[in-house]
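Step one of this worksheet: look at the structure below.
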Amino acid sequence: MSTPSVTARVFALLGAFDEHHRTLRLTDIAARSGLPLTTTHRLVAELVACGALRRLDTGGYVVGRRLWDLGMLAPVQTGLREAASPFLHDLYGATLETVHLAVRDGAEVLYVDRLAGHASVPIVSTIGSRLPLHSTGVAKVLLAYAPAEVRHAVLSRHLRRFTPRTVTAPARLERQLDRVRAEGFATTVEEMSAGACSVAVPVVVADRVVASVGFVVPDLRRTRPRLLAALRVAARGIARGLT
(Lines give C-alpha, C1' and ligand atoms only; values in the text may rest on other atoms or scores of the structure.)
Protein backbone atom coordinates (compact mmCIF):
# COMPACT_ATOMS: atom_id res chain seq x y z
CA MET A 1 0.00 0.00 0.00
CA SER A 2 1.57 3.29 -1.10
CA THR A 3 2.06 6.17 1.32
CA PRO A 4 -0.12 9.21 0.51
CA SER A 5 1.81 12.10 -1.00
CA VAL A 6 2.21 15.37 0.87
CA THR A 7 -0.31 16.94 -1.49
CA ALA A 8 -2.86 14.21 -0.76
CA ARG A 9 -2.34 14.63 2.98
CA VAL A 10 -2.78 18.40 2.79
CA PHE A 11 -6.01 18.02 0.83
CA ALA A 12 -7.24 15.40 3.30
CA LEU A 13 -6.54 17.84 6.09
CA LEU A 14 -8.31 20.73 4.37
CA GLY A 15 -11.19 18.40 3.52
CA ALA A 16 -11.85 18.00 7.23
CA PHE A 17 -13.53 21.42 7.08
CA ASP A 18 -17.01 21.79 5.62
CA GLU A 19 -20.11 23.93 6.15
CA HIS A 20 -20.99 21.95 9.29
CA HIS A 21 -17.42 21.90 10.62
CA ARG A 22 -16.10 25.42 10.15
CA THR A 23 -14.01 25.44 13.34
CA LEU A 24 -11.99 22.38 14.34
CA ARG A 25 -9.48 21.56 17.05
CA LEU A 26 -6.27 19.78 16.12
CA THR A 27 -7.53 16.39 17.33
CA ASP A 28 -10.74 16.83 15.31
CA ILE A 29 -8.75 17.64 12.16
CA ALA A 30 -6.66 14.52 12.65
CA ALA A 31 -9.71 12.32 13.22
CA ARG A 32 -11.70 13.70 10.27
CA SER A 33 -8.75 13.63 7.87
CA GLY A 34 -7.54 10.17 8.94
CA LEU A 35 -4.00 11.47 9.49
CA PRO A 36 -1.78 10.78 12.50
CA LEU A 37 -1.83 13.54 15.11
CA THR A 38 1.90 14.24 14.68
CA THR A 39 1.50 14.65 10.92
CA THR A 40 -1.58 16.81 11.42
CA HIS A 41 0.26 19.03 13.89
CA ARG A 42 3.14 19.59 11.47
CA LEU A 43 0.99 20.26 8.41
CA VAL A 44 -1.43 22.51 10.27
CA ALA A 45 1.47 24.60 11.56
CA GLU A 46 2.76 25.02 8.00
CA LEU A 47 -0.70 25.94 6.69
CA VAL A 48 -1.14 28.51 9.46
CA ALA A 49 2.25 29.99 8.62
CA CYS A 50 1.26 30.50 4.97
CA GLY A 51 -2.23 31.79 5.74
CA ALA A 52 -4.22 28.81 4.48
CA LEU A 53 -5.51 28.15 8.00
CA ARG A 54 -5.95 30.50 10.95
CA ARG A 55 -5.66 29.60 14.63
CA LEU A 56 -8.25 31.17 16.93
CA ASP A 57 -7.63 32.33 20.47
CA THR A 58 -9.84 29.45 21.62
CA GLY A 59 -7.37 26.95 20.15
CA GLY A 60 -9.54 25.98 17.19
CA TYR A 61 -8.65 26.38 13.53
CA VAL A 62 -10.61 27.90 10.65
CA VAL A 63 -9.98 28.23 6.92
CA GLY A 64 -7.67 31.18 6.27
CA ARG A 65 -8.12 34.17 4.02
CA ARG A 66 -5.51 32.90 1.56
CA LEU A 67 -7.66 29.93 0.59
CA TRP A 68 -10.66 32.23 0.13
CA ASP A 69 -8.61 34.53 -2.11
CA LEU A 70 -7.49 31.57 -4.23
CA GLY A 71 -11.00 30.20 -4.45
CA MET A 72 -12.25 33.52 -5.77
CA LEU A 73 -9.94 33.04 -8.79
CA ALA A 74 -11.83 29.95 -9.94
CA PRO A 75 -13.76 30.58 -13.19
CA VAL A 76 -17.07 29.57 -11.59
CA GLN A 77 -16.53 32.40 -9.10
CA THR A 78 -15.05 35.14 -11.26
CA GLY A 79 -16.75 35.05 -14.65
CA LEU A 80 -20.18 34.02 -13.41
CA ARG A 81 -20.25 36.29 -10.37
CA GLU A 82 -19.04 39.28 -12.38
CA ALA A 83 -21.65 38.70 -15.08
CA ALA A 84 -24.41 38.11 -12.56
CA SER A 85 -23.60 40.80 -9.99
CA PRO A 86 -25.52 43.75 -11.52
CA PHE A 87 -28.57 41.59 -12.13
CA LEU A 88 -28.54 40.13 -8.63
CA HIS A 89 -28.40 43.64 -7.21
CA ASP A 90 -31.26 44.70 -9.49
CA LEU A 91 -33.33 41.76 -8.22
CA TYR A 92 -32.55 42.63 -4.64
CA GLY A 93 -33.17 46.34 -5.15
CA ALA A 94 -36.56 45.72 -6.73
CA THR A 95 -37.79 43.24 -4.12
CA LEU A 96 -35.58 43.40 -0.98
CA GLU A 97 -35.83 39.59 -0.97
CA THR A 98 -32.98 37.10 -0.60
CA VAL A 99 -31.38 36.29 -3.96
CA HIS A 100 -29.27 33.22 -4.72
CA LEU A 101 -26.94 32.34 -7.59
CA ALA A 102 -25.93 28.68 -7.73
CA VAL A 103 -24.22 26.07 -9.89
CA ARG A 104 -24.18 22.29 -9.81
CA ASP A 105 -21.06 20.69 -8.38
CA GLY A 106 -21.42 16.95 -8.91
CA ALA A 107 -24.45 15.81 -6.93
CA GLU A 108 -24.66 19.00 -4.89
CA VAL A 109 -25.65 22.61 -5.41
CA LEU A 110 -22.89 25.15 -4.81
CA TYR A 111 -24.01 28.64 -3.77
CA VAL A 112 -21.84 31.09 -5.69
CA ASP A 113 -23.45 34.33 -4.49
CA ARG A 114 -26.17 35.52 -2.15
CA LEU A 115 -27.77 38.83 -1.25
CA ALA A 116 -29.67 38.60 2.04
CA GLY A 117 -33.19 40.04 2.05
CA HIS A 118 -34.92 42.14 4.68
CA ALA A 119 -37.65 39.61 5.47
CA SER A 120 -37.16 37.32 8.44
CA VAL A 121 -36.81 34.09 6.46
CA PRO A 122 -34.66 31.19 7.70
CA ILE A 123 -31.75 30.82 5.25
CA VAL A 124 -29.36 27.89 5.58
CA SER A 125 -27.12 28.65 2.61
CA THR A 126 -24.05 30.86 2.56
CA ILE A 127 -21.67 31.80 -0.24
CA GLY A 128 -19.56 28.74 -0.92
CA SER A 129 -21.86 26.31 0.88
CA ARG A 130 -23.18 23.12 -0.68
CA LEU A 131 -26.57 21.49 -0.25
CA PRO A 132 -28.31 18.43 -1.74
CA LEU A 133 -29.94 18.81 -5.14
CA HIS A 134 -33.47 17.84 -4.12
CA SER A 135 -34.69 20.42 -1.63
CA THR A 136 -34.23 24.05 -2.78
CA GLY A 137 -35.46 25.96 -5.78
CA VAL A 138 -32.07 26.68 -7.37
CA ALA A 139 -31.03 23.07 -6.68
CA LYS A 140 -34.11 21.54 -8.31
CA VAL A 141 -33.54 23.64 -11.42
CA LEU A 142 -29.98 22.34 -11.67
CA LEU A 143 -31.07 18.76 -11.00
CA ALA A 144 -33.83 18.96 -13.60
CA TYR A 145 -31.37 19.97 -16.31
CA ALA A 146 -28.49 17.76 -15.12
CA PRO A 147 -27.33 14.81 -17.26
CA ALA A 148 -29.51 11.72 -16.95
CA GLU A 149 -26.84 9.82 -15.03
CA VAL A 150 -26.71 12.56 -12.37
CA ARG A 151 -30.49 12.58 -11.97
CA HIS A 152 -30.50 8.80 -11.72
CA ALA A 153 -27.76 8.83 -9.09
CA VAL A 154 -29.62 11.40 -6.98
CA LEU A 155 -32.98 9.67 -7.29
CA SER A 156 -31.43 6.31 -6.43
CA ARG A 157 -29.93 7.38 -3.12
CA HIS A 158 -31.57 8.08 0.22
CA LEU A 159 -32.98 11.60 0.07
CA ARG A 160 -32.60 13.50 3.31
CA ARG A 161 -35.77 14.91 4.85
CA PHE A 162 -35.10 18.41 6.19
CA THR A 163 -38.71 19.27 7.07
CA PRO A 164 -42.04 17.40 6.92
CA ARG A 165 -42.56 18.99 3.48
CA THR A 166 -39.27 17.87 1.89
CA VAL A 167 -39.97 15.73 -1.17
CA THR A 168 -38.09 12.46 -0.65
CA ALA A 169 -40.16 10.03 -2.74
CA PRO A 170 -38.15 9.45 -5.96
CA ALA A 171 -41.22 9.11 -8.19
CA ARG A 172 -42.72 12.36 -6.91
CA LEU A 173 -39.41 14.20 -7.25
CA GLU A 174 -39.01 12.91 -10.80
CA ARG A 175 -42.45 14.28 -11.68
CA GLN A 176 -41.41 17.63 -10.24
CA LEU A 177 -38.27 17.64 -12.34
CA ASP A 178 -40.32 16.87 -15.47
CA ARG A 179 -42.49 19.88 -14.63
CA VAL A 180 -39.43 22.09 -14.10
CA ARG A 181 -38.20 21.26 -17.60
CA ALA A 182 -41.65 21.82 -19.06
CA GLU A 183 -42.32 25.14 -17.29
CA GLY A 184 -38.78 26.48 -17.03
CA PHE A 185 -38.80 27.18 -13.29
CA ALA A 186 -38.87 25.45 -9.92
CA THR A 187 -40.62 26.28 -6.66
CA THR A 188 -40.38 24.85 -3.16
CA VAL A 189 -42.52 25.41 -0.09
CA GLU A 190 -40.76 24.88 3.24
CA GLU A 191 -38.71 21.94 1.96
CA MET A 192 -35.37 23.11 3.36
CA SER A 193 -36.58 25.05 6.40
CA ALA A 194 -39.94 26.01 7.86
CA GLY A 195 -41.09 29.45 6.76
CA ALA A 196 -38.96 29.56 3.61
CA CYS A 197 -40.28 29.22 0.06
CA SER A 198 -38.26 29.54 -3.13
CA VAL A 199 -38.62 30.12 -6.84
CA ALA A 200 -35.76 29.75 -9.33
CA VAL A 201 -34.99 29.67 -13.05
CA PRO A 202 -32.08 28.38 -15.15
CA VAL A 203 -29.35 30.48 -16.71
CA VAL A 204 -28.96 29.05 -20.21
CA VAL A 205 -25.91 29.60 -22.42
CA ALA A 206 -25.77 27.89 -25.83
CA ASP A 207 -28.60 25.52 -24.87
CA ARG A 208 -26.78 24.48 -21.70
CA VAL A 209 -27.86 25.32 -18.15
CA VAL A 210 -24.78 26.80 -16.48
CA ALA A 211 -26.36 28.16 -13.30
CA SER A 212 -29.63 28.96 -11.60
CA VAL A 213 -30.87 32.13 -9.95
CA GLY A 214 -33.66 32.31 -7.43
CA PHE A 215 -35.45 34.04 -4.58
CA VAL A 216 -36.14 32.77 -1.06
CA VAL A 217 -39.25 34.39 0.43
CA PRO A 218 -41.76 33.80 3.23
CA ASP A 219 -44.67 33.14 0.86
CA LEU A 220 -45.12 32.66 -2.89
CA ARG A 221 -48.89 32.63 -3.18
CA ARG A 222 -49.28 36.25 -4.29
CA THR A 223 -45.77 37.15 -5.42
CA ARG A 224 -44.71 34.24 -7.62
CA PRO A 225 -45.66 35.75 -11.02
CA ARG A 226 -43.82 39.01 -10.27
CA LEU A 227 -40.74 37.29 -8.88
CA LEU A 228 -40.64 34.80 -11.73
CA ALA A 229 -40.82 37.55 -14.35
CA ALA A 230 -37.93 39.39 -12.69
CA LEU A 231 -35.84 36.20 -12.47
CA ARG A 232 -36.34 35.40 -16.14
CA VAL A 233 -35.17 38.88 -17.18
CA ALA A 234 -32.14 38.56 -14.92
CA ALA A 235 -31.29 35.06 -16.17
CA ARG A 236 -31.30 36.27 -19.78
CA GLY A 237 -29.07 39.19 -18.83
CA ILE A 238 -26.60 36.95 -17.01
CA ALA A 239 -26.51 34.59 -19.98
CA ARG A 240 -25.71 37.48 -22.34
CA GLY A 241 -22.84 38.48 -20.08
CA LEU A 242 -21.38 34.99 -20.31
CA THR A 243 -21.40 34.77 -24.11
Does [X] share a hydrophobic cluster with [Y], counting links as ILVMFWY side-chain heavy atoms below 4.5 Å and allowing steps through other members?
X: Phe11; Y: Leu67; answer: no
X: Leu37; Y: Leu47; answer: yes
X: Val44; Y: Val62; answer: no
X: Leu53; Y: Val6; answer: yes
X: Val233; Y: Val205; answer: no

* Do you know which two heavy atoms are closest between Tyr61 and Val48, and how far apart they sit? ->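 The answer is CE2-CG2, 3.7 Å.
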
* Asked: What closest approach, in Å, do Ala16 and Ile29 show between heavy atoms, and which atom pair accounts for it?
  ->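 Heavy atoms only, the tightest pair is CB-O, 4.2 Å.
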
When the side chains of residues 217-228 are checked against the rest of the protein, which donor-acceptor pairs come out under 3.5 Å, sequence neighbours left out?
unit_1 : atom_1 : unit_2 : atom_2 : d
Asp219 : OD1    : Arg221 : N      : 2.8
Asp219 : OD1    : Arg221 : NE     : 3.1
Asp219 : OD2    : Arg221 : NE     : 2.9
Asp219 : OD2    : Arg221 : NH2    : 2.5
Thr223 : OG1    : Asp219 : O      : 3.2

* Evaluate the criterion side-chain contact (heavy atoms from CB on, under 4.5 Å) for residue pair Val154 and Leu159; output intermediate values, then yes/no. => CA-CA 8 Å; Val154 172; Leu159 298 175; 4.1 Å; yes

* Assess the side chains of Arg22 and Thr126: does a donor N or O sit below 3.5 Å from an acceptor N or O? =>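 Yes, Thr126 and Arg22 have a side-chain donor paired with an acceptor closer than 3.5 Å.
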
Any side-chain heavy-atom pair of [X] and [Y] under 4.5 Å:
X: Thr39; Y: Arg42; result: yes
X: Leu101; Y: Phe87; result: no
X: Arg104; Y: Tyr145; result: no
X: His134; Y: Val167; result: no

* Judged by atom type as modelled, is there a donor-acceptor pair below 3.5 Å linking the side chain of Ser212 to the main-chain atoms of Val138? ->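 The answer is yes, because a donor-acceptor pair under 3.5 Å joins these two groups.
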
* With distance as the sole test, does Arg161 use its side chain to make a donor-acceptor pair with the main-chain N or O of Thr166 at under 3.5 Å? ->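 Here the side-chain-to-backbone pair exists.
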
* **Heavy atoms from other residues, nucleotides or ligands near CZ of Arg54 exceed 12 (cutoff 6.0 Å)** =>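 Atom CZ in Arg54 is not crowded, with 12 or fewer foreign heavy atoms closer than 6.0 Å.
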
* Asked: Could you give all pairs that pass the salt bridge (Lys or Arg N to Asp or Glu O under 4.0 Å) test and reach residues 181-203, with sequence neighbours left out?
  ->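 Only Lys140-Glu191, Arg165-Glu190, Asp178-Arg181 qualify under salt bridge (Lys or Arg N to Asp or Glu O under 4.0 Å).
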
